[in-house]
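We name chains A, B, ... by the order of the sequence lines, and we start the count at 1 in each one.
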2 protein chains.
Amino acid sequence: MSFKLSPEYALLGILMTGPKHGYEMHSYFSSNMDQFWRLSMSQIYALLKRMEKNKMVVSKGEWQNNRPAKKIFSITQTGKEGFLNWIYSPVNHVRNLRIEFMAKLFFIKELKLKRATDIFDKQIEILQEKLHLLQPPKEKIMDEFQKALHSFKIAQTTSAIEWLKECKTFFSCKY
Amino acid sequence: MSFKLSPEYALLGILMTGPKHGYEMHSYFSSNMDQFWRLSMSQIYALLKRMEKNKMVVSKGEWQNNRPAKKIFSITQTGKEGFLNWIYSPVNHVRNLRIEFMAKLFFIKELKLKRATDIFDKQIEILQEKLHLLQPPKEKIMDEFQKALHSFKIAQTTSAIEWLKECKTFFSCKY
DNA sequence: GAAAATTATTCCAATTTGGAATATTCTTAA
DNA sequence: TTAAGAATATTCCAAATTGGAATAATTTTC
């Protein structure tokens, strides 16, 4: 399945709010994003490990009385750039819109990002292109299965575009 | 992520059309379902191996001149029952509708299954329940992020229900 | 006071993923 | 006609993902 999500950017988004240890990031994630994105504790640690290897984050151990030691992660400049690139790039698959675009909306709000309308406009644009490519059915003979598939793609894309336009109105008042 | 797909049922569906070897199943899958569901060759073989262990399929080696030997898989009675149970059960997550329901539609057509309206009705029913649970916003204070999330869920669910109703009309003429 | 939850990270094993490898034959393009 | 690329079929391979459990101590709940 080539529709892979990019959870590392969600974690980078969390670290944009300040350094945190893995457990804390899991709590933050669960509290704020669990409705549409699930990440287990071990996933988060596995991701952080890989991200540190890729120089997106750095970590520093911190001793703690009466509690296990913490490993505090901070975002690097590379990580910041990667995150900003991600958030200002459109989501390519409607299937992932629910998860990735919702995460982006969350960080727009949380980080009080400027240029939020850019994010909406680009996303609307790419979806309208997709819709355009879908529209001309070429009048070719389609069985009921092909009709259903075609119809589904159009319906979901149209619905997503309308939703984006709606959201843009109430996000634009603020960002 | 708890929205796991069930590719083994798609493979069972293919074997409902008759015994096939893995490579042939991959071709069949690619030709017919690649637009919405991707399975690699190694995934197919890994799945078949597990399915054989679970008694959903059996295999028989077949020697071949001038070509690598084949391993022909056939569906068992257990496999048939599992497949029929799957196809007549609703998809629980809107996110997976695109993939799993489309696969079901494909097999309805390919296997000329009866009672197709049951499949549609049950799917519409469960989505309308979800919609109902979403609808009362309790008038509680929502920030723009919660508004967006709520609005998205409603939009995509509504769109899916409408699409299902539309599909039902042209599938019902035949099955 | 006892049991359960919390704090934090690592360990663990099974599954999934995305190819490559294998060896031969067939097909295509120059 | 020849060389390169594709096809045939299955298994191998290593990294990534997944869904917990383990660890040991403290704090919270009943």
Side-chain angles (χ1 to χ4, degrees), chain A residues 1-11 14-15 18-31 34 37-54 56-74 93 95-96 99-100, chain B residues 1-11 14-15 18-31 34 37-54 56-74 93 95-96 99-100:
Chain A
M1 188 61 66
S2 59
F3 307 99
K4 306 245 11 204
L5 296 168
S6 308
E8 63 269 20
Y9 295 111
L11 295 188
I14 292 172
L15 291 178
K20 289 178 173 55
H21 60 281
Y23 189 89
E24 189 181 6
M25 289 167 80
H26 183 258
S27 298
Y28 188 100
F29 199 96
S30 298
S31 300
D34 227 22
W37 206 345
R38 298 285 173 79
L39 282 180
S40 67
M41 192 76 81
S42 49
Q43 274 177 275
I44 287 180
Y45 278 102
L47 282 165
L48 285 169
K49 188 169 180 180
R50 201 176 74 213
M51 286 156 73
E52 190 166 24
K53 191 173 165 187
N54 294 336
M56 300 166 92
V57 300
V58 290
S59 68
K60 187 176 89 171
E62 184 174 298
W63 163 263
Q64 196 163 218
N65 262 344
N66 301 333
R67 279 279 186 260
K70 293 178 182 175
K71 194 166 180 180
I72 310 286
F73 290 88
S74 304
H93 301 287
R95 187 166 183 258
N96 289 350
I99 294 177
E100 289 209 10
Chain B
M1 191 59 70
S2 57
F3 306 101
K4 305 236 27 191
L5 296 167
S6 307
E8 62 268 20
Y9 296 112
L11 296 187
I14 292 173
L15 290 178
K20 290 178 172 60
H21 60 282
Y23 189 89
E24 189 181 10
M25 288 169 81
H26 183 259
S27 297
Y28 189 98
F29 199 97
S30 298
S31 299
D34 227 22
W37 205 344
R38 298 286 173 78
L39 283 181
S40 67
M41 192 75 81
S42 50
Q43 274 176 275
I44 286 179
Y45 278 101
L47 282 165
L48 286 170
K49 187 171 182 181
R50 200 177 73 212
M51 286 157 71
E52 190 167 22
K53 189 174 167 187
N54 293 336
M56 300 165 94
V57 300
V58 290
S59 68
K60 188 176 89 173
E62 186 175 296
W63 164 262
Q64 201 166 213
N65 262 344
N66 301 334
R67 278 281 185 260
K70 292 176 185 177
K71 195 166 181 180
I72 310 287
F73 289 89
S74 303
H93 301 288
R95 186 162 184 261
N96 288 350
I99 293 177
E100 288 208 10

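- Distances shorter than 4.0 Å separate some side-chain N or O of B/K71 from OP1 or OP2 on D/dT11.
- Between the OH atom of B/Y23 and the C1' atom of C/dT24 there is a distance of 13 Å, rounded to whole Å.
- OP1 and OP2 of D/dT17 both lie 4.0 Å or more from every side-chain N or O belonging to A/Q43.
- What you find for B/L11 and B/M25 is that their closest heavy atoms are O-CE, 3.6 Å.
- Nearer the 5' end of DNA chain D, as judged by each residue's closest nucleotide, is the contact made by B/S27, out of A/P68 and B/S27.
- The side chain of A/S42 lies closest to C/dC11 when the candidates are D/dC12, C/dT16, C/dC11.
- One can place CG of A/N54 at 9 Å from P of D/dA16, the figure rounded to the nearest angstrom.
- Applying the ring pair (Phe, Tyr, Trp, His ring centres under 6.0 Å) test to B/Y9 and every residue at least two apart in sequence or in another chain returns B/W86.
- We find that CZ of B/R67 is positioned 9 Å from P of C/dT25, with the value rounded to whole Å.
- Among the heavy atoms of the strands lying under 4.0 Å from A/Q64 are primed sugar atoms or P, OP1, OP2 only; no base atom is included.
- Whole-Å rounding puts the A/W63 CH2 to C/dT7 P distance at 18 Å.
- Here the C1' atom of nucleotide D/dT11 and the NE2 atom of B/H21 are 15 Å apart, to the nearest Å.
- Between A/K71 and A/L48 there is no side-chain heavy-atom pair separated by less than 4.5 Å.
- Distance A/L47 CG to D/dT18 P: 9 Å, rounded to the nearest Å.
- What separates CG of A/N66 from P of D/dT26 is a distance of 6 Å, to the nearest Å.
- Taking atom CZ of B/F73 as the reference point, atom P of D/dA9 lies 14 Å away to the nearest angstrom.
- Nearest heavy-atom pair, B/E8 versus B/M51, reported as atom, atom and distance to 0.1 Å: O-CE, 3.5 Å.
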